[in-house]
J.: 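I have a structure I would like to understand better, so I am pasting it below and will then ask my questions one at a time.
Side-chain atoms are counted along with the backbone in the values below, which use heavy atoms only and exclude waters and symmetry mates. For the single chain, residues carry numbers from 1 onward in sequence order.
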Amino acid sequence: MCAVKKWMVVGNLILGVCLLGSLIFLWVNHAGEKRGQEKQNTLNCGQEEGAADTKDYGLFGWSDQVVTDQEQWQELLSCMEQAGVTSLYQSFSQESLDSGEAESFVREVRSAGGAIYMLMGDAQWAYEPEGESLLREVQRVVHYNESCKEDGRIAGVMVDVEPYLLDEWDGEDRERQELMESYLSGMKNAYQYAASEGLFFWACIPTFYNSSCQEVLEELIANACDGVAVMNYNRKDEYGQMAHEVGYAREYGKKVRCIYELQEAGKHDLEEINTYAQEGLEQLWLSAEGLSRQFGYEGLGFDYHYYEPLKKMLREEHNE
């Protein structure tokens with residue numbers, strides 16, 4: 001009888017240890033889940049706030065004044081840092097390229113972690129199937145790069161040729177077709193030359209080529225650029241408006257950018273639905289987060305159009 005009681009005591013002790021172990025396991029597991037949820041909530045909070053530095057943003061700069069005025073460099077670099085800008089598409093005058101001012105500017109931006117592409121474009125270039133004018137502009141970059149040290153070189157070009165601004169675009173179907181064939185041919189020639197010189201070649205395009213000339217759009221992405229920057233200037237359907245472009249970019253292994261407009265409504269026939277001037281940068285960043293998740297394409301990036309309105313918006317948001 002004593003032996004039985006002894007084994008009962010031992011059994012109860014074992015059972016108690018097992019129950020205690022189970023309680024400890026459940027508590028540790030719950031605490032781990034709680035910490036994990038708190039961490040996820042923190043991440044989600046950051047996403048909801050739309051932190052710009054979680055994305056790859058580019059910035060258009062149409063004025064050459066910032067290149068030649070060293071006092072403006074720090075202001076530009078500050079804007080780039082605040083807005084998460086890692087690529088700058090900048091216009092350069094020939095004078096700035098020849099004088100050494102451009103090299104100093106490029107070196108400054110690159111030392112801050114930004115890549116620089118020369119911004120260029122004219123609707124009239126679409127009339128040239130050999131791409132003579134565009135080729136001359138790309139050659140300016142090549143000659144500039146040959147004359148300076150590696151840390152002052154330009155990575156490539158952003159080509160903004162807009163054939164839809166020409167009369168032939170609104171003419172007969174045949175007129176538009178010939179215009180777009182000429183445009184595409186010129187872009188191909190310039191792209192091949194840029195590639196031979198080690199320059200990245202961006203093509204800036206509207207959202208409506210998929211409905212007006214889809215074959216040209218596919219051929220442009222497949223064989224006439226390294227990436228397309230889509231002027232996605234309507235907040236109604238930002239996903240659908242560039243779904244074809246992202247699809248082709250994915251298919252052909254090219255980069256693709258979603259460009260956001262920042263100019264105020266009323267300028268250049270812009271309406272409020274076309275710009276984030278009133279919505280603010282937080283809403284823009286949330287849009288970028290959403291498009292990143294929807295497309296799920298690592299080659300997708302985002303751009304601001306352009307430097308002056310971005311600078312104004314950052315000042316307003318910081319109450320400067």
J.: Which of parallel (below 30°), tilted (30 to 60°) and perpendicular (above 60°) describes H244 and Y248?
T.: tilted

J.: For Y183 together with Y127, are the ring centres under 6.0 Å from each other?
T.: no

J.: Working to the nearest 0.5 Å, report the span between SG of C79 and CE of M313.
T.: 11.5 Å

J.: Less than 4.0 Å between a side-chain N and a carboxylate O, is that true for E279 and R235?
T.: yes

J.: With distance as the sole criterion, is a donor-acceptor pair present between the side chains of D56 and T86 under 3.5 Å?
T.: yes

J.: Salt bridge or not for E172 and R176, using N-O below 4.0 Å?
T.: no

J.: Specify the closest pair of heavy atoms between E317 and L281, including all atoms of both residues, with the distance to one decimal.
T.: OE2-N, 2.9 Å

J.: Side chains of N274 and E261: is there a donor and an acceptor less than 3.5 Å apart?
T.: no

J.: Do W73 and L119 share a hydrophobic cluster, counting only Ile, Leu, Val, Met, Phe, Trp and Tyr and linking them when any side-chain heavy atoms are less than 4.5 Å apart?
T.: yes

J.: Do Y164 and C213 come close enough that some side-chain heavy atom pair is under 4.5 Å?
T.: no

J.: Do Y191 and D226 have side-chain atoms, one donor and one acceptor, less than 3.5 Å apart?
T.: yes

J.: Starting at CD of E215, measure out to CG of L220 and round the result to the nearest 0.5 Å.
T.: 13.5 Å

J.: Is F200 close to I154 at the side-chain level, that is, under 4.5 Å between some pair of heavy atoms?
T.: no

J.: Please step through salt bridge (charged side-chain N to carboxylate O under 4.0 Å, His left out) for the pair R136 and E132, ending with a clear verdict.
T.: CA-CA 6 Å; R136 283 195 294 271; E132 299 92 340; over 6 Å; no

J.: Could you tell me if N223 and E219 have a donor-acceptor pair between their side chains, going purely by distance under 3.5 Å?
T.: yes

J.: Would you please say whether a donor-acceptor pair under 3.5 Å links the side chains of E137 and S133?
T.: no

J.: Run through W202, Y57, Y89 and flag the one making a side-chain contact (heavy atoms from CB on, under 4.5 Å) with D303.
T.: Y89

J.: Quick one: do the E308 and S63 side chains pair a donor with an acceptor below 3.5 Å?
T.: no

J.: Could you tell me the separation between the NZ atom of K254 and the SG atom of C225, rounded to the nearest 0.5 Å?
T.: 5.0 Å

J.: Answer yes if the side chains of E264 and Q278 hold a donor-acceptor pair under 3.5 Å, and no otherwise.
T.: no

J.: Would you give the length of the straight line joining atom CE of M180 to atom OG of S212, rounded to the nearest 0.5 angstrom?
T.: 6.5 Å

J.: For the residue pair Y260 and Y276, is the inter-centroid distance of their aromatic rings smaller than 6.0 Å?
T.: yes

J.: Can you confirm whether more than 12 heavy atoms, excluding those of E146, are under 6.0 Å from its CD atom?
T.: yes

J.: Determine, stepwise, if the pair E103 / R110 fulfils salt bridge (charged side-chain N to carboxylate O under 4.0 Å, His left out).
T.: CA-CA 10 Å; E103 184 176 356; R110 289 189 59 181; over 6 Å; no

J.: If we check side-chain contact (heavy atoms from CB on, under 4.5 Å) with V246, which of these qualifies: V228, I221, V256, V230?
T.: V256

J.: Pairing donors with acceptors under 3.5 angstrom, does anything connect the side chains of Q94 and D98?
T.: yes

J.: Does one hydrophobic cluster hold both L217 and L166, with members joined at side-chain heavy-atom distances below 4.5 Å?
T.: yes

J.: Can you tell if the side chain of H305 reaches within under 4.5 Å of the side chain of L262, non-hydrogen atoms only?
T.: no

J.: What distance do S87 atom OG and F302 atom CZ have between them, rounded to the nearest 0.5 Å?
T.: 13.0 Å

J.: Between Q177 and E181, does any side-chain donor sit less than 3.5 Å from a side-chain acceptor?
T.: yes

J.: Does any part of the side chain of D160, heavy atoms only, come nearer than 4.5 Å to the side chain of W62, both counted from C-beta?
T.: yes

J.: Indicate, with yes or no, if I273 and Y304 share a hydrophobic cluster defined by side-chain heavy-atom contacts under 4.5 Å among Ile, Leu, Val, Met, Phe, Trp and Tyr.
T.: no

J.: For a quick check under 3.5 Å, do S93 and E95 share a side-chain donor-acceptor pair by atom type?
T.: no

J.: Going by the angle between their ring planes, with limits at 30° and 60°, are F105 and F92 parallel, tilted or perpendicular?
T.: perpendicular

